[in-house]
Amino acid sequence: MPNDQSLLAYLNEKKLNVTQQRLQIANLFLALPGHHTLEEIYLAVREKTPNIGQTTVYRTIKLLCDAGLAREIRLEDNSSRYESNVDRGHHDHMLCQQCGKLVEFVNDDIERLQEQIARQYGFTLQGHHLLLFGTCGDCRDKASSDS
Ligand SMILES: [Zn+2]
Ligand SMILES: [Zn+2]
């Protein structure tokens, strides 16, 4: 569980108001496992704190991304999911385009090859985000049993 300190420090540094609402949203989101749309996060927040507006939730999530406490995963259809980036190691994602399932993976060979390719092109890497997309095993099984 993250403490409020890093968020507080960030908000203060950016001269942003540390409101009770922002902290509530941040704490709830950062404790939420998995990958979520803004809409889903808003609904989860509203369950606990009915008076929070949608815009406040959306802005706070963006803020958390800027602070490096949350991570935005942009999908190939240009929609986004958000996940907590606190105490998480690097990982990449695989998306099922049928059911929307996001699977996390890390592969040392892929990581190493990316570094190697970057070097070949004279790039110094700051990071990367790899998204593979296709059909997951469950959806493929369903499709073949339907026919
Ligand atoms: Zn990676
Ligand atoms: Zn993830």
Side-chain angles (χ1 to χ4, degrees), residues 1-2 4 6-7 10-11 13-14 16-19 21-147:
M1 205 31 221
D4 288 348
S6 48
L7 181 65
Y10 178 81
L11 295 176
E13 185 196 318
K14 295 278 169 186
L16 298 165
N17 285 333
V18 183
T19 63
Q21 284 198 338
R22 276 183 175 158
L23 283 179
Q24 276 173 351
I25 297 165
N27 284 326
L28 197 138
F29 168 72
L30 294 175
L32 214 60
H35 316 80
H36 305 278
T37 62
L38 284 175
E39 179 71 18
E40 287 166 354
I41 298 163
Y42 168 61
L43 292 176
V45 169
R46 209 180 51 178
E47 244 172 58
K48 302 252 161 142
T49 1
N51 293 325
I52 289 185
Q54 195 165 333
T55 317
T56 310
V57 174
Y58 289 12
R59 278 213 200 104
T60 305
I61 300 304
K62 299 279 185 200
L63 212 60
L64 291 174
C65 288
D66 293 343
L69 299 170
R71 179 172 164 197
E72 176 179 6
I73 304 144
R74 192 164 293 234
L75 304 183
E76 91 303 344
D77 66 357
N78 268 327
S79 68
S80 288
R81 309 272 182 85
Y82 297 84
E83 67 180 335
S84 166
N85 197 31
V86 175
D87 296 332
R88 300 291 324 268
H90 170 75
H91 59 271
D92 294 304
H93 293 100
M94 200 149 26
L95 169 75
C96 175
Q97 292 169 292
Q98 308 297 320
C99 68
K101 175 163 63 194
L102 266 180
V103 174
E104 303 186 344
F105 71 92
V106 188
N107 181 295
D108 291 340
D109 290 338
I110 291 176
E111 298 296 319
R112 205 166 24 78
L113 279 170
Q114 291 178 126
E115 292 286 344
Q116 193 181 311
I117 292 160
R119 264 200 311 277
Q120 268 171 25
Y121 284 83
F123 268 65
T124 305
L125 283 193
Q126 301 296 338
H128 68 269
H129 180 205
L130 188 60
L131 175 72
L132 307 182
F133 48 89
T135 309
C136 74
D138 290 345
C139 289
R140 203 185 42 229
D141 291 350
K142 226 180 286 160
S144 57
S145 67
D146 282 350
S147 57

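These numbers come from the heavy atoms of this one structure, side chains and all, not from hydrogens, waters or symmetry mates. Numbering of residues begins at 1 and proceeds along the displayed sequence.
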Let's go through Phe105 and Ile110 carefully: what are the C-alpha distance in whole Å and the side-chain angles of both, what is the deciding distance for side chain to side chain contact (heavy atoms under 4.5 Å, CB included) to 0.1 Å, and is it a yes or a no? CA-CA 11 Å; Phe105 71 92; Ile110 291 176; 4.3 Å; yes

Derivation of the side chain to side chain contact (heavy atoms under 4.5 Å, CB included) call for Asp109 and Arg112: CA-CA 5 Å; Asp109 290 338; Arg112 205 166 24 78; 2.8 Å; yes

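The structure places OH of Tyr82 at 14.0 Å from CG of Leu32, a figure rounded to the nearest 0.5 Å. Summarising the geometry, atom OG1 belonging to Thr60 is positioned 10.5 Å from atom CD belonging to Gln24; distances are rounded to the nearest 0.5 Å. In this structure, CG in Leu23 is found 12.5 Å from CG in Leu28, a value given to the nearest 0.5 Å. Between the CD1 atom in Ile41 and the OH atom in Tyr58 there is a gap of 8.5 Å [rounded to 0.5 Å]. Atom CD1 of residue Ile25 and atom OG1 of residue Thr19 lie 7.0 Å apart, to the nearest 0.5 angstrom. How far CG of Leu30 is from CD1 of Ile61: 7.5 Å, rounded to the nearest 0.5 Å.
By the 4.5 Å heavy-atom criterion applied to side chains, Val45 and Phe29 are not counted as neighbours. Here the side chains of His93 and Leu130 are not in contact, with every heavy-atom distance at 4.5 Å or above. Counting only heavy atoms from C-beta outward, the side chains of Asp138 and Gln98 never approach each other to under 4.5 Å. Side-chain contact check for Arg46 versus Gln54: every heavy-atom pair is 4.5 Å or farther apart. Arg81 has its side chain within reach of Thr37: a pair of non-hydrogen atoms, C-beta onward, lies under 4.5 Å apart. Contact of the Leu102 side chain with the Leu95 side chain is registered, since non-hydrogen atoms from C-beta on lie closer than 4.5 Å. Using a 4.5 Å cut-off on side-chain heavy atoms (C-beta onward), Gln21 and Thr49 make no contact. Between Arg88 and Arg71 the shortest side-chain heavy-atom distance does not fall below 4.5 Å.
Across all non-hydrogen atoms, the minimal contact from Leu131 to Arg74 is CD2-O, 3.7 Å. The two residues Asp92 and Glu111 come nearest to each other via the heavy atoms OD2-OE2, 2.9 Å. Across every non-hydrogen atom of Leu125 and Ala118, the tightest pair is CG-CB, 3.4 Å. Residues Ile52 and Tyr42 approach most closely at O-CE1, 3.6 Å, considering heavy atoms. Nearest heavy-atom pair, Thr135 versus Arg140, reported as atom, atom and distance to 0.1 Å: CG2-N, 3.8 Å. Taking each heavy atom of Cys136 and Cys96 in turn, the nearest pair found is N-SG, 3.3 Å.
Tested against His35, the residues Lys101, Glu72, Glu83 include a single side chain to side chain donor-acceptor pair (under 3.5 Å) partner, Glu83.
Atom CD of Glu76 is surrounded by more than 12 heavy atoms from other residues, nucleotides or ligands within 6.0 Å.
Remark: the backbone N or O of Lys142 is paired with a side-chain donor or acceptor of Ser145 at under 3.5 angstrom.
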